[in-house]
Amino acid sequence: MQQFLEEAKKTSRTIANLSTKTKTKVLHEMAQSLIDHCDYIIDHNNKDISNAKANNLSDALVDRLLLTGQRIVDMANAIKIIANQKEPVGRILDGWVTEDGLNIQKVSVPIGVIGIIYESRPNVTSDTAALCFKSGNVCVLKGGKEAEYSNKAIATILRRVLSKNSLPEQAISLLPDSSREGVAKLIQQDKFVDLIIPRGGEELIKYISQNSSVPVIKHDKGLCHTYVDRDAAHNKIIDIAINAKCQRPGVCNAMETLLVHAEIAPYILPGLYDAFIDKRTVLKGCEETLKHLDIQCATHEDYDTEYLANILNIKIVKDVDEAIAHIAKYGSGHSEAILSENYTTVNKFLNQVDAACVYANASTRFTDGGAFGLGAEVGISTNKLHSRGPMGINDLTTYKYKIYGQGQTR
């Protein structure tokens, strides 16, 4: 492990100083290589899918694991977008001249070696590798067992492109020891690893946060809410609610609880019920909701659960303040939304809800690097430092001060 990470650290000095032209060229070749080797990737992905079904993984988790021709094209397109973004390294973030005549520049630089620990979705392998490469970082990737064959296939293709361009393959590496013990060793190697980014289940995040000697940016669970205010436009409610829950229930930006203002609950709940039942959503509700709908009763544990499945809680609240209080109690700081045409209420919600992404009259499903125009993201950070929300290339840099003098002494 130590020898592997020593090599990664050494490689980081090479990658940090690559020109924009070189990085752009290599990333475009990586994108094309994914498309050229589509069948190779799908063959390996089929092994993961077969294992997942044999192990009775849920339909939502199998969907996260599945790679199709179109999804591989999407992966390639994400790399192209990353390739064409403005250079993140060497940006002058600030600058000034001191009383002593020192010219000080605050300049963006790569972080170095980034360990990324993730589950399920194999597209994360190509997304994070491209983001790290564009931002001048080396990535050490540890994917989930369920995507082992897919991840190896994707990483092999990307590493071949590096080799073809006379660049060290260690710039994109899979952790050689992918066991729990291997992860435990990785997160203690603060001499060689500069940042750990875990994204996955609550237990994984908790374990890494508590045991890592390397700085951690958490990509925690997504316990997302949508609040339907009494001043919501009725023609928007069903479409947004259905999209937020049902478009891809197994992802972190899917809604888990729908909050409804008490004054409009009797009028909008029947239509919402019909729409969700049509999508085969399992509905649970508070005691007030059960007066209007014949559904299961929601418990405290339900409100505190990230389902990652087509299950939804419905809770009636008396006003926006109660909605904000509920989100403060149960939310994970990921993505929260309000549906309302009342400017004052909207701004109260947006200002007071403490989350990485807060929406007015839109689905929480937009919390995504691609949807934000970043090409892709390393994940959705629920940290407040140093990055929050979808992490793109600029979030994978830190900064240093360059000071230009003319012989000054203090």
Side-chain angles (χ1 to χ4, degrees), residues 220-249 251-273 275-276 279 281 283-286 288-289 292-293 298 302-307 311-368 371-373 380-382 384 388-390:
D220 216 336
K221 65 182 180 180
L223 235 164
C224 307
H225 302 76
T226 299
Y227 165 57
V228 184
D229 185 52
R230 66 181 174 188
D231 296 316
H234 287 207
N235 62 329
K236 298 176 183 175
I237 294 170
I238 290 178
D239 286 346
I240 292 174
I242 291 295
N243 181 263
K245 176 74 256 182
C246 304
Q247 197 233 353
R248 282 191 81 180
V251 293
C252 61
N253 55 21
M255 170 178 63
E256 304 293 14
T257 297
L258 181 69
L259 304 170
V260 180
H261 195 291
E263 287 186 25
I264 61 167
Y267 312 108
I268 68 163
L269 284 179
L272 282 165
Y273 173 85
F276 279 117
K279 294 290 184 179
T281 307
L283 297 174
K284 301 182 180 185
C286 66
E288 284 300 311
T289 302
H292 305 281
L293 304 177
D302 291 322
Y303 294 130
D304 206 31
T305 299
E306 183 188 25
Y307 290 119
I311 305 170
L312 177 69
N313 305 315
I314 301 176
K315 179 176 174 60
I316 294 175
V317 294
K318 65 180 180 180
D319 55 22
V320 66
D321 292 312
E322 188 177 342
I324 292 170
H326 181 95
I327 291 168
K329 183 175 181 179
Y330 294 104
S332 61
H334 193 293
S335 301
E336 310 293 357
I338 180 174
L339 309 186
S340 180
E341 302 299 313
N342 185 307
Y343 180 84
T344 302
T345 304
V346 164
N347 279 284
K348 183 174 190 176
F349 184 93
L350 298 183
N351 291 334
Q352 293 189 15
V353 169
D354 185 13
C357 300
V358 284
Y359 293 85
N361 299 311
S363 168
T364 56
R365 284 284 290 115
F366 282 103
T367 302
D368 173 82
F372 274 30
I380 312 297
S381 169
T382 51
K384 294 187 179 180
R388 201 176 193 194

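Just so it is clear, the values below take in all heavy atoms, side chains as well, and ignore hydrogens, waters and symmetry mates. It should be emphasised that the depicted structure is a prediction, and the values quoted were computed from it without experimental measurement.
For the atom pair Leu269 CG and Ile264 CD1, the distance stands at 8.5 Å (nearest 0.5 Å). We find the CG-NZ distance between Asp304 and Lys221 to be 5.0 Å, quoted to the nearest 0.5 Å. The CD1 atom of Ile314 lies 9.0 Å from the OG1 atom of Thr281; values are rounded to the nearest 0.5 Å. The CZ atom of Phe276 sits 9.0 Å away from atom CD1 of Ile238, with the distance rounded to the nearest 0.5 Å. Note: Ile237 CD1 to Thr226 OG1 = 11.0 Å, rounded to the nearest 0.5 Å. The CZ atom of Arg365 sits 11.0 Å away from the SG atom of Cys246 when rounded to the nearest 0.5 Å.
Shortest non-hydrogen contact noted between Ala254 and Pro249 is CB-O, 3.9 Å. Of all the heavy atoms in Pro266 and Ala262, the pair that sits closest is CD-O, 3.5 Å. Closest approach of Leu272 and Ala241 over heavy atoms only: CD2-CB, 4.0 Å. Closest heavy-atom contact between Asp229 and Ser340: OD2-OG, 2.9 Å. Taking each heavy atom of Ala337 and Thr364 in turn, the nearest pair found is CB-CG2, 3.9 Å.
Every side-chain contact (heavy atoms from CB on, under 4.5 Å) that Ala360 has, sequence neighbours left out, goes to Ile338, Val346, Leu350. A search for side-chain contact (heavy atoms from CB on, under 4.5 Å) contacts involving Ala325 returns nothing, not counting sequence neighbours. Taking the salt bridge (charged side-chain N to carboxylate O under 4.0 Å, His left out) definition, one finds that Asp302 meets it with Lys284, sequence neighbours left out. With sequence neighbours excluded, the residues that form a side-chain contact (heavy atoms from CB on, under 4.5 Å) with Ala323 are Tyr227, Leu259, Val317. Partners of Ser381 according to the side-chain contact (heavy atoms from CB on, under 4.5 Å) rule, which considers only residues two or more places apart in sequence or in another chain, are Ile217, His219, Asn383, Met391. Annotation: side chain to side chain donor-acceptor pair (under 3.5 Å) contacts of Asn342 (sequence neighbours excluded): Asp231, Thr345. Checked against salt bridge (charged side-chain N to carboxylate O under 4.0 Å, His left out), Lys329 has no partners two or more places apart in sequence or in another chain. In this structure Arg388 satisfies the salt bridge (charged side-chain N to carboxylate O under 4.0 Å, His left out) test together with Asp354, sequence neighbours excluded. Every residue two or more places apart in sequence or in another chain that forms a side chain to side chain donor-acceptor pair (under 3.5 Å) with Ser363 is listed here: Asn243.
Side-chain contact check for Pro390 versus Thr367: some heavy-atom pair is nearer than 4.5 Å.
Not a single donor-acceptor pair under 3.5 Å links the side chain of Ser335 to the backbone N or O of Asn253.
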inquiry  = Is there a side chain to side chain contact (heavy atoms under 4.5 Å, CB included) between His292 and Ile316? Walk through the geometry before answering.
reply    = CA-CA 11 Å; His292 305 281; Ile316 294 175; 3.9 Å; yes
task = For the pair Glu322 and Lys315, evaluate side chain to side chain contact (heavy atoms under 4.5 Å, CB included) and give the outcome as yes or no after the intermediate values.
result = CA-CA 11 Å; Glu322 188 177 342; Lys315 179 176 174 60; 4.2 Å; yes
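Identified under the salt bridge (charged side-chain N to carboxylate O under 4.0 Å, His left out) test for residues 332-349, with sequence neighbours left out: Lys236-Glu341, Asp321-Lys348. Note on residues 327-346: pairs passing ring pair (Phe, Tyr, Trp, His ring centres under 6.0 Å), not counting sequence neighbours, are His300-Tyr330, Tyr303-Tyr330, His326-Tyr330. Within the structure, every pair that satisfies the side-chain hydrogen bond (donor to acceptor under 3.5 Å, both in side chains) test and touches residues 255-272, not counting sequence neighbours, is listed here: Arg230-Glu263, Lys245-Glu256, Thr257-Asn313.
More than 12 heavy-atom neighbours from other residues, nucleotides or ligands sit within 6.0 angstrom of CZ on Phe372.
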